[in-house]
Structure formats: C-alpha cells, structure tokens
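In what follows, a structure is listed as structure tokens, so that the remarks can point back to it.
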Amino acid sequence: MSSTGGGADGRSDWAGDFACVECGRKRLTAAAFSKRSIERHRTANVPLKCTACVEAAAAKERAAAAAKAAAAPAPADGGGGEVVCSACCKPRPAGDFTRAQLQKGAKARCGDCVAAAGAAAAAAPSDAWEARYKEAKEAARKAEAVGTAAARLAAASK
C-alpha cells in the first residue's frame, strides 16, 4: 500500500500519474479505474483505461452484438423459447440473453438489465465522491460560522 492516503478498497485519492490511454485524460484519481486494472498497471505495467471508457466500449460491443443478432435470420427450430429475467421478472426471448447469462439458469439477467446494472455501477464512485464533497463543504461552512482557527483548519483538511 502506498502512502498516498488511499481508501479502504486500496485505491488512492491522490491525483497524479494515472492517465487513460483510451480517452487521453491525465491526472485522474485511482477511483476512475477498476481496482484490478490499477493492480495490473502496477505489477505488469499494463496501460490503464478508465471505467467510463471501459463501459463505453462494452456498450458499443453490446450494441454491435444486438445489431448482428437482429440481422441474423431466425433459427429453423422456432427460436429456443423464453427465459424469465431474474432482475426484471419478465419473460424474454432467449436471444435477449448472452450465452453466459443463459448458463446461470434461474439467475439469468437479460441484456437490458445487465447494461442498466453496469451503468449504475459506473456512476456509483462519482456519487460517493459527491456525497463526501458535500459533507466537507458543509463542515467548512459550519467552521466558518464558529470562527475558531482550529475548527476552520480541521474542516479544510478533510
């Protein structure tokens, strides 16, 4: 673990030498990358891609797969039936599920639910950061109202 003041998940909050090779943004915090990609970058010097770029590439891949599936002719045996999505509880055609999801049986999720869960997971780190930022701003405002130098310094160091 580095001495940069990382969080409980092992990621650093220090903006420094992290850059995304996909979008070209530089001086990103470690929270903009997955924990595994940070580990691979540190151990094997693998180039980093931020979670936003990874999610965009996955969405593009899912759209291409959906377009390919829509353009493919219907199978001669009638399509393979319907599967109930475990997330939205709706019966969906088997074509709406990936092969990996279909292998999960009763826990299978349709492509729309998988995409929605991925988008929510990508948005979660920024939501947590915004909440911490608002708490720090409120603490600083209260410290300014109190007027003691020690309280202002403690609030500013958060």
Side-chain angles (χ1 to χ4, degrees), residues 1-139 158:
M1 170 112 5
S2 65
S3 62
T4 58
D9 61 357
R11 298 183 192 180
S12 171
D13 290 334
W14 177 68
D17 56 356
F18 295 116
C20 177
V21 297
E22 193 75 21
C23 63
R25 294 185 301 159
K26 296 180 181 179
R27 294 189 50 86
L28 297 172
T29 63
F33 304 93
S34 70
K35 185 176 180 181
R36 184 164 187 251
S37 68
I38 293 289
E39 289 173 3
R40 290 177 59 209
H41 175 69
R42 288 184 176 150
T43 58
N45 202 23
V46 175
L48 290 169
K49 286 186 186 178
C50 65
T51 54
C53 290
V54 170
E55 181 58 34
K60 187 176 179 181
E61 187 176 322
R62 284 191 297 269
K68 183 178 177 183
D77 65 354
E82 289 187 339
V83 179
V84 177
C85 174
S86 66
C88 64
C89 299
K90 295 179 184 176
R92 308 285 299 259
D96 288 353
F97 296 82
T98 63
R99 186 178 323 146
Q101 288 293 330
L102 288 173
Q103 290 175 348
K104 293 182 178 184
K107 294 182 179 180
R109 295 183 297 166
C110 64
D112 294 338
C113 293
V114 170
S126 65
D127 293 343
W129 180 86
E130 287 178 19
R132 288 194 312 266
Y133 179 73
K134 285 180 181 178
E135 288 174 11
K137 289 290 275 184
E138 182 64 23
K158 286 186 178 183

Worked verdict on Glu61 versus Lys68 for salt bridge (Lys or Arg N to Asp or Glu O under 4.0 Å): CA-CA 10 Å; Glu61 187 176 322; Lys68 183 178 177 183; over 6 Å; no

Show me the donor-acceptor pairs within less than 3.5 Å that the side chains of residues 103-114 make with the rest of the protein, sequence neighbours left out.
from: Asp112; atom 1: OD2; to: Arg92; atom 2: NH2; distance (Å): 3.1

Charged N-O contact under 4.0 Å between Glu82 and Lys90: no

For side-chain contact (heavy atoms from CB on, under 4.5 Å), just list the numbers for Val54 and Ser34, CA-CA rounded to whole Å, side-chain angles, deciding distance to a tenth of an Å, and then say yes or no. CA-CA 10 Å; Val54 170; Ser34 70; over 6 Å; no

Looking only at heavy atoms, which two atoms of Ala115 and Glu55 are closest? And how far apart?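 That closest heavy-atom pairing would be O-OE2, 4.5 Å.
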
Where is the tightest heavy-atom contact between Phe97 and Val84, given as atom of each residue plus distance?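 Where Phe97 meets Val84 most closely, the heavy atoms are CZ-C, 4.3 Å.
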
Is the number of heavy atoms from other residues, nucleotides or ligands under 6.0 Å of Arg40 CZ greater than 12?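 Incorrect, the count does not exceed 12.
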
For Cys50 and Phe18: C-alpha separation, side-chain torsions, deciding distance, then whether side-chain contact (heavy atoms from CB on, under 4.5 Å) applies. CA-CA 9 Å; Cys50 65; Phe18 295 116; over 6 Å; no

Check whether any side-chain heavy atom of Val21 sits under 4.5 Å from a side-chain heavy atom of Leu48, and report yes or no.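 Not in contact.
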
Backbone of Pro47 reached by a side-chain donor or acceptor of His41 within 3.5 Å: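 The answer is no, because no donor-acceptor pair under 3.5 Å joins these two groups.
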
